[in-house]
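Worksheet: one structure, shown below.
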Amino acid sequence: MYKSFSMELAGRTLTVDVGRVAAQANGAALMHYGDTVVLSTATASEKPRDGIDFFPLSVEYEEKLYSVGKIPGGFIKREGKASENAVLTSRVIDRPMRPLFPKDYRNDVTLNNLVLCVDQDCSPELTAMLGSAIATAISDIPFDGPTASTQVGMVNGELVFNPTSEQREVSDLALTVASTREKVIMIEAGANEIPEDKMIEAIFAAHEVNHKIIEFIDTIVAECGKEKHEYIHIDTPEDMYEDMVNFITPEAMEEAVFTDVKQVREENIRQIKAKLEERYQEEQPEWLELIDDAVYKFQKKTVRKMILKDHKRPDGREITEIRPLSAEVDILPRTHGSGLFKRGQTQVLTITTLGPLAEIQKLDGLDLNETTKRYMHHYNFPSYSVGETKPSRGPGRREIGHGALAERALVPVLPTEQEFPYAIRTVSEVLESNGSTSQGSICASTLSLMAAGVPIKAPVAGISVGLVTGETDDDYIILTDIQGLEDFFGDMDFKVAGTHKGITAIQMDIKIHGLTREIIEKAIARTKEARTLIIDDVLVKCIDKPREEVGPYSPKIVQVKIDPSQIGEVVGQRGKTINAIIERTGVKIDIDEEGYVSVCGTDKTGIEEAVRLITIITTEIEEGQILEGTVVSIKDFGAFVEFAPGKEGMVHISKISNERINHVEDVLTLGDKVKVICLGQDRMGRMSFSIKDVK
């Protein structure tokens with residue numbers, strides 16, 4: 001007999017069935033939100049995984065196309081690898097859950113979310129976030145939860161919780177907030193230049209909704225929750241740690257990490273490990289395999305103490321200071337646009353490529369409103385950027401996530417298809433990394449887009465701030481522009497991108513059990529200061545506005561608007577007309593259902609000719625209008641002249657020459673180029689034309 005629990009959430013019913021399915025998982029919740037159904041399970045291995053120094057958590061979000069009544073495309077009629085949306089959803093589920101597991105837990109844990117049915121007004125992604133939290137909370141897996149999550153939109157300036165499909169289409173905000181009982185633990189946002197104060201208002205409005213969801217989850221745990229199992233605790237032996245600290249000394253460790261050159265720091269730590277290996281080789285050989293963990297712990301305590309108590313950063317910067325910045329454009333001579341941005345030892349090159357609208361990305365997912373993507377941002381993080389060697393296996397979850405974050409940050413400033421009828425792809429190549437490459441890719445992309453002649457509305461910059469906390473909520477310090485070491489040993493990576501006007505994207509990762517409102521407000525204010533400096537002192541000094549035209553190696557696109565009822569005339573029967581124009585002019589032509597015709601090519605003359613032909617096809621010819629055409633048919637009574645594919649006019653034999661002629665062939669042959677003037681309608685209502693009356 002299963003138990004069912006329900007609550008009203010943003011005007012729809014959320015129902016959780018426990019014990020109905022998947023009874024062999026450690027925890028399982030069959031989630032219903034409206035007509036959206038997701039099965040969320042949490043499972044853990046019986047024993048810890050040997051030889052690892054991290055918590056092995058896997059989060060899966062499985063999109064099944066049967067959930068929206070679709071059969072997968074292609075030859076193999078089953079779902080393939082996870083879509084980009086599935087990867088991003090897995091990451092957004094992971095981020096609030098991971099900090100709440102014990103730091104020394106080494107058992108494998110998998111959180112699986114199977115999307116069974118989708119109601120477009122009830123987000124399956126949000127349902128899965130709630131389901132993962134509930135399945136873990138009621139399981140016997142050690143977990144300091146629960147968490148709750150809420151999505152927030154902004155329609156006509158008003159906040160909307162868990163917006164419907166129609167509301168998402170017109171929303172200026174796509175915000176997801178996860179909370180614990182007391183604090184905010186995860187923020188993910190895309191926004192249309194939302195001011196900082198409105199963003200903070202939205203975050204904490206969602207936090208209030210999350211309180212009610214947690215109260216609901218508590219009732220489920222009280223009735224169905226299992227007792228948490230014991231596990232093997234992993235930690236450095238106290239006697240070993242004490243011996244290591246006395247032998248190395250805190251002063252020596254501080255000196256080892258106190259440098260702004262990553263390679264020097266790594267070499268210093270390598271030498272410390274070598275000394276410890278030599279010391280324990282004979283005296284304590286059982287400690288040899290524990291050296292890495294022990295040195296990590298020693299480094300972490302040293303760095304956190306330096307920052308929190310002494311206000312000293314490892315590279316000597318002030319707490320609010322940004323690393324040295326530089327920017328360049330046009331370093332690649334034949335690409336459509338390129339921008340190089342450097343912040344300290346983080347260096348990102350972004351390349352922009354422009355194409356016709358036919359090259360937009362087609363999406364085959366569960367959101368029936370999102371079937372195409374015009375702007376694509378891809379991010380690559382090769383091993384050489386951190387001085388390592390390993391083969392490239394294509395983009396992983398991190399690369400997909402960072403690319404999506406940069407994409408989300410830049411979409412709000414892009415021109416519309418009507419303003420700039422191009423498909424746009426930017427690729428960010430990380431050339432060197434020491435923290436916050438995703439935000440570096442946003443800055444490099446702003447440079448690259450402007451250099452390519454994309455008329456963006458405003459430059460976008462991104463920056464990351466960090467956090468080191470003490471024993472109480474009031475004991476903390478916020479760091480501007482964190483480098484890799486500060487991210488590694490700190491408590492937060494708070495990334496914010498935006499323009500002068502407002503925020504376009506947020507992604508917050510933390511390692512602690514949530515943030516207070518004071519910390520979030522100060523972090524957002526700090527990112528505002530930093531990105532203003534980057535925009536004013538670096539980006540616009542490198543290139544102050546988008547180029548007036550696309551570059552010489554970019555495709556040229558001219559867009560004309562026709563009446564949608566005339567689309568058939570331009571296309572012609574079985575595409576005959578449009579294919580003739582393409583063959584004649586060497587261009588590409590895209591037509592949307594609203595009647596926007598985009599003509600794309602590299603040859604200006606060919607584009608102009610294609611536009612001229614389309615204009616002729618879709619415009620009524622008027623009396624007195626002079627046209628140029630080709631003789632395509634000769635009859636006894638006259639000749640037919642083609643002005644454009646599919647559009648012809650007849651010149652009577654009497655209108656061919658000022659002198660009397662007996663045969664049309666005496667003056668005209670097939671293929672002749674002639675100018676004609678429209679004489680208006682003849683007695684039968686047809687347009688007639690004359691060659692001899694052209695002046």
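Position 1 is the first residue of the sequence; numbering continues from there.
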Let's go through T499 and E193 carefully: what are the C-alpha distance in whole Å and the side-chain angles of both, what is the deciding distance for side chain to side chain donor-acceptor pair (under 3.5 Å) to 0.1 Å, and is it a yes or a no?
CA-CA 7 Å; T499 63; E193 297 181 281; 2.6 Å; yes

Just checking, is any N or O donor in the side chain of K342 or S326 under 3.5 Å from an acceptor N or O on the other one?
no

Side-chain donor-acceptor contact under 3.5 Å, T350 with S428:
yes

Rounded to the nearest 0.5 Å, what's the gap from OG on S464 to CD on Q507? Could you check?
9.5 Å

Classify the side-chain pair S657/E659 by whether it contains a donor and acceptor separated by less than 3.5 Å.
no

I'd like to know if R612 and E628 make a salt bridge, using a cut-off of under 4.0 Å between side-chain N and carboxylate O.
no

Donor-acceptor pair between H500 and D536 side chains, under 3.5 angstrom
yes

For the residue pair N162 and Q151, confirm or rule out a side-chain donor-acceptor distance under 3.5 Å.
no

Salt bridge flag under 4.0 Å for residues E125 and R91:
no

Using a strict 4.0 Å threshold on nitrogen-to-oxygen distance, state whether E359 and R374 make a salt bridge.
no

K70/D364 salt bridge by N-O under 4.0 Å criterion
yes

Looking at Y375, is R425 sitting on its ring face, NZ or CZ under 6.0 Å from the six-membered ring centre and within 45 degrees of the normal?
no

Would you say the side-chain atoms of T426 and H377 include a donor-acceptor pair closer than 3.5 Å?
yes

Is the shortest distance from a Lys or Arg side-chain nitrogen in D121 or R168 to a carboxylate oxygen in the other one below 4.0 Å?
no

Would a 4.5 Å heavy-atom cut-off, applied to side chains only, mark F420 and L354 as touching?
yes

Donor-acceptor pair, side chain of S67 and main chain of K64, under 3.5 angstrom:
yes

What class does the angle between the rings of F689 and F643 fall in, given that below 30° is parallel, 30 to 60° is tilted and above 60° is perpendicular?
tilted

What's the verdict on side chain to side chain contact (heavy atoms under 4.5 Å, CB included) for H336 and T353, showing C-alpha distance, side-chain angles and the deciding distance?
CA-CA 5 Å; H336 300 166; T353 306; 3.8 Å; yes

Taking atom types as modelled, find out whether Y422 and S554 have a side-chain donor-acceptor pair closer than 3.5 angstrom.
no

If you compare all heavy atoms of V664 against all heavy atoms of I656, which two are closest, and at what distance to 0.1 Å?
CG1-CD1, 3.8 Å

Side chain to side chain donor-acceptor pair (under 3.5 Å) between Q559 and S598: does it pass, once the steps are laid out?
CA-CA 4 Å; Q559 192 174 72; S598 297; 3.1 Å; yes

No-hydrogen, no-angle side-chain donor-acceptor test under 3.5 Å, S83 and N85
no

Is the number of heavy atoms from other residues, nucleotides or ligands within 6.0 Å of CG (N156) greater than 12?
no

When you look at L325 and D537, which way does the side chain to side chain contact (heavy atoms under 4.5 Å, CB included) test go after all the steps?
CA-CA 9 Å; L325 302 166; D537 289 3; over 6 Å; no

Can K561 and E594 be counted as an ion pair, charged N to O under 4.0 angstrom?
no

Verify the distance criterion only: is there a donor paired with an acceptor across the side chains of S385 and E432 at less than 3.5 Å?
no

